[in-house]
Number of protein chains: 2
Amino acid sequence: MSRPTIAGVARAAGVSVASVSRVLNGLPATEEMVERVQRAVQELGYVPDARARSLKVGRTFQLTLAVADVGNPVYVTMMRAVEEVVSAAGYRLVVTTTGPDVVDEVALVRGMARGYADGLLISPIRVDEDLVKSIRECEVPVVVAGNVPAKAGVDTVRANSPKGMLLAVDHLVAKGRTRIAFLNGPADTVPGAARSKGFTEALKAHDLEPTAAAEATDFTFTAGRVAAPGLLGVGDEKARADAHLPDAVICANDLLAVGLMHELAALGLRVPDDVAVVGMDDSELAEQCFPTLTSVNLGSAERGRRAAELLLARIEDNDRTPRRIVVQPSLSIRRSTP
Amino acid sequence: MSRPTIAGVARAAGVSVASVSRVLNGLPATEEMVERVQRAVQELGYVPDARARSLKVGRTFQLTLAVADVGNPVYVTMMRAVEEVVSAAGYRLVVTTTGPDVVDEVALVRGMARGYADGLLISPIRVDEDLVKSIRECEVPVVVAGNVPAKAGVDTVRANSPKGMLLAVDHLVAKGRTRIAFLNGPADTVPGAARSKGFTEALKAHDLEPTAAAEATDFTFTAGRVAAPGLLGVGDEKARADAHLPDAVICANDLLAVGLMHELAALGLRVPDDVAVVGMDDSELAEQCFPTLTSVNLGSAERGRRAAELLLARIEDNDRTPRRIVVQPSLSIRRSTP
DNA sequence: ATCGTTCTTGTAATCGTTTACAGGCCAGAC
DNA sequence: GTCTGGCCTGTAAACGATTACAAGAACGAT
């Protein structure tokens, strides 16, 4: 005995399948009709088939969220916000991890043409011509949480990293720190490039020279630890004697910052007394780590929320002109800076 | 100009739709047929429609993973493992957050009957009759990562919390700690109940009495902070003078442990010198926090992996007898214990 | 040359819905 | 009493794939 279909319900209720469908979708019908159908539905335990419905109406009521790394707490923040918006609108969320390669992202975007989701919200870490092209040609609506060229003709919601960098540098300078270093993630990524540029500009605005800079191989905790010694000139006694040791480090995200702090502790350097540390993303990790981390809030929750809203809006009306929203940063000051 | 269908490809190639379908699915066909179909597919940029395919073959090639809180790093670990297994098998992963209420879980399980996924992997935090019933009656295969009664007749993969507790206590006792306290999450949850029982048993095995116990309102960082003062007898000078302050605290998960460590620091207590702290789950957070956290590894990655494998196996053959797998714990010793 | 087998291909039914269209019925207006 | 118009309801055609079945072609054996 397999699950009942709408035809079974129609038979049990002694009405036509069209009437059953109408009642189920809340279209006008007489008292009695509604009553009979509902009883039959109850009795048979009928539940409409999402697959069949999807085929007919051309919608799956699913949205895909693609991120590079589910382990990055900034995506947790974003995912929470997205999930809240889309589930309120009656959609389910399909979460996909793309990994660090742009080819995987392209494959994902192309694959959307299969129609298993009604829209895609992607936060690409690397962007190239192919990706832009695939997004432009994508069969389903796409919203990018991040930075892609305007010619992609797609809704975007992005952070303002340079402004965020400036907030961080302002704060450090106000506290008397001038030997500021930068721990970046891979510079060939979108956030990596933006933050690097922002850092340089922000220092220039204060007439400062970078004290040191390093590039971790990933935006992860481990990569942060690995890259830290190089940044701090460990093993280079001359540099340290010359007081070239930075008195503050800005990190391209919170995970890198936490990795760095572990290395600082291992070297016997105190945070913030010897070295102040600033993270970016203001993720949950920033208040969980010790000392709590001063972090640039790039508005990940808001970006997630607004990106989800844009996506829903575009699904309603695919002809609207693409919007490019920029979310303004703020600084969450905690204990890792004086 | 809408997207091409299989009929369009058939027309362009001058063959029948059946032939196109066969070529696309790798069924035997002549060189020439394959050639013509592939060229037409290329030219039109045809991509088969997942919705239509789902309806016909009765499969969506999606699996749902339901967890209570995406912010809990243990679920990140589990999700990674699950995603790896299912995507290797050609499935997509739909991640759903149920929240702390069992009614939401029941609604989710019931909703699976709509058929938008081929299977469900659920890690329920609270379990009642209704949930067990809904799981037993579920239209699609279900695997539970956690503890449900055998009568649910469902595949389960669970941790061995009592054994894990014993490992933690053994370790603390070996290091000379005897005034051991327990910071639990809500005791009316499955993990909360199991860990509470395990704690009591483990102490008894060492002829010890619990020094203190507290129950956080959630398995979260914030709840851990809030519950910590009560556990430590803050404000009760007599207790502290009587040396009733615990010299070790075992926490029901890593988030609670990190929350506790922040409160300890605020009180000027050193970890592990004054108070040793042990977490459970051995999540990424355990090595990211400071000091790094000794934590009971309850095998979340392995549980995720094996649960995913069970789910795939059951999708292949729904008649196999349910298996109940128990994953053994181990202890990851770090700096929060002596 | 004929028959039977095997291999390939095409026709058409099917999956479970939604929905355009048409038919039936009733009420109100003349 | 008849006609018009407005509800409800039912019939049947989609949606886009897969696949059972049949028919035709090719080929070897007799």
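Note on naming: letters A, B, ... go to the chains in the order of the sequence lines (proteins, then strands), and numbering restarts at 1 for each one. Every heavy atom of this structure was used, including side-chain atoms; hydrogens, water molecules and symmetry mates were not. All figures in this text were calculated on a predicted structure; none of them were measured in a lab.
- The distance between atom CZ of B/R53 and atom P of C/dG16, rounded to the nearest whole Å, is 17 Å.
- Remark: B/E309 engages B/R305 in a salt bridge, criterion side-chain N to carboxylate O under 4.0 Å.
- Between B/R53 and B/T60 the shortest side-chain heavy-atom distance does not fall below 4.5 Å.
- For the pair B/V67/B/L65, a side-chain contact is recorded, criterion being any heavy-atom separation below 4.5 Å from C-beta on.
- Contact check for A/L93 versus B/T96: no side-chain heavy atoms found under the 4.5 Å cut-off.
- Contacts between residues 11-20 of chain B and DNA chain C, defined by a heavy-atom separation under 4.0 Å, are made by B/V15, B/S16, B/V17, B/A18, B/S19.
- For A/D101 and A/R126, the salt-bridge test fails: no basic side-chain N is under 4.0 Å from an acidic carboxylate O.
- Whole-Å rounding puts the B/M33 CE to C/dC7 P distance at 17 Å.
- For the pair A/N25 CG and C/dT19 P, the interatomic distance rounds to 7 Å; values are reported in whole Å.
- The residue B/T30 sits close only to the backbone: its heavy atoms come under 4.0 Å of sugar-phosphate atoms, none of a base.
- To the nearest angstrom, P of C/dT17 lies 9 Å from CG of A/L24.
- Put simply, CZ on A/F61 is 15 Å from P on C/dT17, counting in whole angstrom units.
- The CG-C1' distance, from A/D49 to C/dT17, rounds to 8 Å in whole Å.
- On a pure distance criterion of 3.5 Å, no polar donor-acceptor pair joins the side chain of A/R3 and the base of C/dG16.
- By the 4.5 Å heavy-atom criterion applied to side chains, A/Q62 and B/Q62 are counted as neighbours.
- Protein atom CD1 of A/I6 is 14 Å distant from nucleotide atom P of C/dC15, rounded to whole Å.
- No engagement by A/R51 is indicated, since no non-hydrogen atom pair under 4.0 Å with the nucleic acid exists.
- Judged by a 6.0 Å distance limit and a 45° cone about the ring axis, B/R51 is not positioned over the six-membered ring of A/Y116.
- For DNA chain D, the span of nucleotides reached by chain A at under 4.0 Å from its heavy atoms goes, 5' to 3', from D/dC8 to D/dG16.
- Classification of B/R324 and B/D155 as a salt-bridged pair fails, no side-chain N sitting under 4.0 Å from a carboxylate O.
- The CZ-C1' distance, from A/R22 to C/dA20, rounds to 11 Å in whole Å.
- Salt-bridge formation is detected for the pair B/R80/B/E284: a Lys NZ or Arg NE/NH1/NH2 atom is positioned less than 4.0 Å from an Asp or Glu carboxylate oxygen.
- Taking for each of B/A29 and A/K56 the nucleotide of DNA chain C with the nearest heavy atom, the 5'-most of the two is the partner of B/A29.
- Counting non-hydrogen atoms under 4.0 angstrom, B/S21 reaches a base of the nucleic acid.
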